[in-house]
Amino acid sequence: MSPDHRPPATRSGKFGAAEGEGIVRCDACPVLCRIRPGRAGACARYANEEGQLVRTDPVLLMQHTLDEGGKVTTFAGSAWDGAPLDPARTFVTGVGAGTTYPDYKPAPFIVSAEHAGLDTVTVVTEGIFSYCGVKVKIDTDRHLGAETASVRVEGEEVGHVTTAEYGSQMLAIGGVRHLTGGSKREGSVTCDALLKLCSGEPLEIGIDGGRTLIVAAGQAPIVDGRPEMRMRVGCGSATVGIFARQWLGHVDEVIVVDDHITGVLTEHQSGRVLGMPPSGIRVRGRKSTPGRYFQVANPGLGWGGTDITEPMSIIHRIDPKVAWPGLRLLVTSTTGEDALYCLLDENLHPVPADMPAAVRAVVERIGENCEPSLCTVLFMAGAGGSLRAGVTENPVLLTRSVAQGETRVTMGGAPAYVWPGGGITVMADVTRMPKRAFGYVPTPAIVAPIEFTLPRAFYERLGGHAADIVHVDDVIREVGPGARVEGWRADNPWPFAGRGKP
Ligand code: SF4
């Protein structure tokens with residue numbers, strides 16, 4: 001391994017500059033901290049150990065094992081037993097790898113290995129991302145805030161509500177404008193919020209004109225202090241369609257309340273196909289197509305993401321020429337958490353009644369078909385020109401290689417989705433990444449691991465730093481004793497899979 005490019009965990013003074021009185025200047029990011037002996041820099045990732053710059057977190061090596069069927073599996077208990085690492089099953093991650101700023105230097109680790117007869121290279125680094133943020137998917141019908149409303153942490157604007165998806169509310173948090181374009185405090189609060197979300201920690205956020213939430217990756221959202229339990233089975237129209245046949249014969253009308261598309265069974269195509277007679281019950285809102293109504297109420301925390309708490313308020317009128325006394329009416333939310341069964345009296349007024357067992361069974365089935373409500377956090381970032389220069393002297397060739405699928409991109413071993421189009425814009429599920437994978441620098445920016453894996457011949461062809469390639473055996477020998485070692489996650493594809501010669 002070239003002494004100029006040794007990974008920070010083993011650096012011997014070549015990185016960082018001695019400034020007298022034992023002080024070392026860290027050159028791993030633009031902050032250029034002057035670190036006194038025994039102290040750490042502003043990000044706590046680098047420290048001065050007896051006049052040498054050292055990385056405080058060890059590099060993370062991951063090793064997979066195979067089950068009897070030859071499938072990749074994790075270590076039992078996910079702990080390494082201390083046995084010698086098998087180079088053929090070891091992946092050097094960017095977690096703790098260190099950064100090379102400015103990145104005309106080769107990446108901290110450029111690792112060669114043979115897999116199924118093919119020479120491969122994995123370029124390993126920690127990226128310093130100023131252009132980054134998270135997309136947060138919150139599985140709930142509840143109205144959290146208007147689209148484009150600001151999302152705040154400690155009063156600072158850190159993001160906004162973006163387009164809702166099917167059964168989920170979406171937030172976009174972070175991004176270069178909040179990190180760099182506002183006040184210093186806005187940038188640092190945004191950076192801290194991103195670090196918490198990427199690390200799976202709970203974060204309290206407020207939405208202008210909306211709700212207060214606690215979100216944590218992989219956990220149920222808490223809305224105004226109340227944990228969400230269920231993600232709806234579908235919109236109101238879908239719910240009507242899914243369960244229409246099961247209601248047939250047990251009710252005369254079903255209204256599924258939904259903030260977006262409320263369904264009315266006997267008008268809906270599914271009710272018509274089943275030959276159900278019209279009930280004469282007309283709900284509020286704007287009719288879209290038969291049995292599908294928009295804007296039946298305002299958005300809120302009530303039934304089906306509306307502000308309805310009195311379900312009968314959704315009824316606009318009941319046609320006396322069509323409805324009949326004794327008509328059996330069910331009103332339910334899209335999760336089945338709220339449901340009311342009524343009978344029309346002699347004056348055609350709905351009167352609450354005991355819900356028959358057969359009707360209750362279908363309402364319970366709606367609930368059974370709801371998935372647990374979760375928060376999902378996807379980290380999204382752009383690998384900048386300088387990061388790419390750590391991989392090759394001709395960065396556009398790397399960009400093209402990634403776009404063509406020759407080069408696989410992982411983040412701490414987790415698969416990264418690469419956006420089509422220009423640049424290398426990636427997204428990764430933070431729950432598939434190792435613990436403590438993220439860090440920060442006070443520029444402010446987020447530090448995240450990134451690895452590029454490709455056949456060695458391709459790496460050389462795209463102008464990679466061939467002279468700095470180190471065999472995985474040597475990496476294990478040099479940094480293995482001080483490394484953090486974990487088992488490979490079985491649900492993450494092995495980056496070398498399918499790379500072998502036929
Ligand atoms: S913030 Fe961290 S990476 Fe940046 S110069 Fe200081 S110690 Fe080095």
Side-chain angles (χ1 to χ4, degrees), residues 3-60 93-109 123-132 174 176 178-180 184-196 198-199 379 381-391 411-412 434 436-451 479 482-484:
D4 283 343
H5 304 120
R6 295 178 71 176
T10 59
R11 282 176 183 169
S12 57
K14 282 288 184 182
F15 278 68
E19 293 208 333
E21 299 175 16
I23 294 172
V24 173
R25 195 185 70 233
C26 176
D27 55 5
C29 95
V31 176
L32 299 174
C33 293
R34 295 177 74 249
I35 310 174
R36 294 191 173 280
R39 305 293 293 271
C43 68
R45 295 186 314 125
Y46 290 90
N48 179 341
E49 192 177 281
E50 297 176 359
Q52 293 188 10
L53 186 69
V54 295
R55 183 74 169 81
T56 53
D57 297 327
V59 64
L60 173 64
T93 76
V95 180
T99 42
T100 48
Y101 171 81
D103 281 282
Y104 58 78
K105 296 177 211 159
F109 293 93
V123 182
V124 178
T125 190
E126 285 176 309
I128 299 177
F129 295 104
S130 300
Y131 290 84
C132 74
V176 69
H178 293 298
L179 283 169
T180 70
K184 186 174 178 185
R185 186 168 188 275
E186 178 180 333
S188 59
V189 170
T190 299
C191 189
D192 189 52
L194 289 176
L195 192 55
K196 282 198 170 100
C198 291
S199 304
F379 178 70
S386 57
L387 187 153
R388 285 177 283 170
V391 181
M411 302 191 81
R436 307 190 307 281
F438 290 87
Y440 81 102
V441 291
T443 53
I446 289 290
V447 177
I450 188 163
E451 306 96 22
V479 304
R484 171 181 156 201

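All ligand and atom numbering here is 1-based and tracks the order in the structure.
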Only one of Val24, Leu53, Thr56 passes side chain to side chain contact (heavy atoms under 4.5 Å, CB included) with Tyr46, and that residue is Leu53

Note: Tyr440 and Arg45 closest approach over all heavy atoms is O-NE, 4.1 Å

For atom CZ of Arg185, decide whether the heavy atoms of other residues, nucleotides or ligands shown that lie under 6.0 angstrom number more than 12. yes

One finds that the ligand 1 atoms under 4.0 Å from a non-hydrogen atom of Tyr46 are 3 (S), 7 (S), 8 (Fe)

Here the atoms of ligand 1 under 4.0 Å from any heavy atom belonging to Pro442 are 1 (S)

For atom 8 (Fe) of ligand 1, the closest protein heavy atom turns out to be Cys26 SG, 2.3 Å

- Taking the side chain as every heavy atom from C-beta outward, state whether Lys105 and Asp27 have any pair of such atoms under 4.5 Å apart. yes

Under 4.0 Å between heavy atoms, the region of Leu32 that gets near ligand 1 turns out to be backbone

I want to check something: taking the side chain as every heavy atom from C-beta on, are Asp57 and Arg436 in contact at a cut-off of under 4.5 Å?
no

Closest to atom 4 (Fe) of ligand 1 among protein heavy atoms sits Cys29 SG, 2.3 Å

for atom 6 (Fe) of ligand 1, nearest protein heavy atom and its distance come out as Cys33 SG, 2.3 Å

For atom 7 (S) of ligand 1, the closest protein heavy atom turns out to be Gly41 CA, 3.5 Å

Here the pair of heavy atoms bringing Gly382 nearest to Phe129 is O-CD2, 3.4 Å

Closest to atom 2 (Fe) of ligand 1 (heavy atoms only, candidates Ala445, Ala47, Cys43) is Cys43

One finds that the ligand 1 atoms under 4.0 Å from a non-hydrogen atom of Arg45 are 3 (S)

Practice prompt. Determine whether Val124 and Thr93 make a side-chain contact, defined as any pair of heavy atoms from C-beta on separated by less than 4.5 Å.
Written response: no

